[in-house]
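One structure is given here, and the rest of the page talks about it.
What's counted below: heavy atoms across the whole structure, side chains too, no hydrogens, waters or symmetry copies. Chain identifiers are assigned alphabetically (A, B, ...) following the order of the sequence lines, protein sequences preceding nucleic acid strands; residue numbering begins at 1 within each chain. Since we're looking at a predicted model, the values are computed, not measured.
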Amino acid sequence: MSAALALLRIALGGLLLWAGASKIPDMASFAESVANYRIVPAPLVPAAAAAVVGIEIVAGVLLVAGRLARAASLVTALLLAVFTAALGIALLRGIDLRCGCFGGEEAATWGTVARDVVLLAAAVAVFLKGPGRLVPKAEGTLRSGPAAAPRSFPAKSGSPGT
Amino acid sequence: MHPGGGRGAAPGAGGENVRFPGRFPSRPGGSRAIVRSVRLALETASLLLAGTVGGLALNAASPRPAPLSVPIHSAAEAGGGMCAVPGAPAAPRARRIGVEEARGHCEACTAGFVDARSAAEFAAGHVTGAVHLPPVGHPDEAVVIAGLRAHPMVIVYDGDYSCALADEVAARLRREGLPDIRVLQGAWPAWVEAGAPGSAGACPACHAGGGR
């Protein structure tokens, strides 16, 4: 479970990193895509586009590295929630637009919305369940030594781990 | 344990609550949750701030940065008119050129300009010296394209920020073998907003025997 969470976190972070990095060569085009969603006022569109790319990259790096994973997964979930809502609203309004997701010409479709929902679920899972560990924690690392010194206080009568 | 148990407990009932009757059992779980929430909020805010600052820096370093001082309107707000040829496959995205650079080419007459919008939109106002060449429906396409071959660079524009018309015409011109074709970034609204040279009227050079 822990390793699965870690893999999910790394995959999500890698995807986010790719999404951010692929937009850098043509930020002007991504800003046009952001404008077409019509949720950001025109004067703020270029700065918002730049911020989205930077936040994607920072959150992606943190998720891959497993540092500040709770905050990174929270930000990722918020970002994906906004993307999903914006895409869904645009499609419902019949606005034909480029998704702007990975810096290319990909059109926004309900498939894009579904993909965002899956990613959103992954981000929520990492936020709620924690970053996980690729390598399980070695038994006894919390104790003072390999001999597992006896506890100085009486163990609880209840079964451990419940 | 009952919260009031410390104060009211009988002597000898046992434990610290008897020796320190004013002291309630602490609730480390609650305070830890608050600390965790505050820490998460601070980390989230720092991440957003770092991302925003980093994003602005990356934008500045981008070969095609988003112009921070120029408002970018959606295609729908930028103006009416047809924005794509119905049923046509999407044209590849042509290389863009910024308004200021294009304006330099316009003033120095070092590039040919092509207006991909409708004839009515062209007549209402266009880049000075531009020829009218929509993606479909032009009666004398060959004349216009022959005239464009004289220019080392051709700049195509249409009516909207995300219009497909300019890209379609650019793809057409590339198939004709023209060497350097760009699409005006921000299209006609950006040109107008920049106060770059424009004129109105029909296009005599766009038709056989029209003006050349």
### Task
Kindly indicate whether the side chain of A:F127, heavy atoms from C-beta on, has any atom under 4.5 Å from the side chain of B:L40.
yes

### Spacing of CZ belonging to B:R96 relative to CG belonging to A:D26, to within rounding of 0.5 Å
8.0 Å

### Task
Using a 4.5 Å cut-off on heavy atoms from C-beta on, say whether the side chain of A:S29 contacts that of B:R64.
yes

### Query
Do A:V53 and B:N59 touch side chain to side chain, with heavy atoms closer than 4.5 Å?
no

### Task
With a 4.5 angstrom heavy-atom cut-off, could you sort out which part of A:A48 is near chain B: side chain, backbone, both or neither?
neither

### Task
Assess whether atom CZ of B:R149 is packed by more than 12 heavy atoms of other residues, nucleotides or ligands within 6.0 Å.
yes

### Over all atoms of both residues, closest heavy-atom pair of A:A31 and B:A66
CB-CB, 3.7 Å

#### Entry: Partner chain B: residue of A:L79, A:V75, A:V45, A:L78 with the largest heavy-atom pair count (under 4.5 Å)
A:V75

### Query
With a 4.5 Å limit on heavy-atom distance, are the side chains of B:L47 and A:L68 in contact?
no

### Summary
All heavy atoms of A:A28 vs all of B:P65, minimum pair found to be CB-O, 3.6 Å

### For A:M27 against B:G55, the heavy-atom pair lying closest together
CE-O, 4.5 Å

### Task
Check whether A:L44 gets within reach of chain B through its side chain, its backbone, both or neither, counting any heavy atom under 4.5 Å.
neither

### Message
Within the structure provided, determine whether A:R70 and B:R39 are in side-chain contact (heavy-atom separation under 4.5 Å).
### Response
no

### Query
With no hydrogens and no angle check, is any side-chain donor or acceptor of B:T52 less than 3.5 Å from a backbone partner on A:A51?
no

### Task
Check each atom of A:I57 against the heavy atoms of chain B and say whether the ones under 4.5 Å are side chain, backbone, both or neither.
side chain

### Task
Side chain from CB out, backbone as N, CA, C, O: work out which of these in A:A59 comes under 4.5 Å of a heavy atom of chain B, or both, or neither.
both

### Passing option when B:I72 is tested against A:P46, A:P43, A:S33 for side-chain contact (heavy atoms from CB on, under 4.5 Å)
A:P46

## Note on the structure
Of all heavy-atom pairs linking A:A50 and B:L56, the shortest is CB-CD2, 3.8 Å

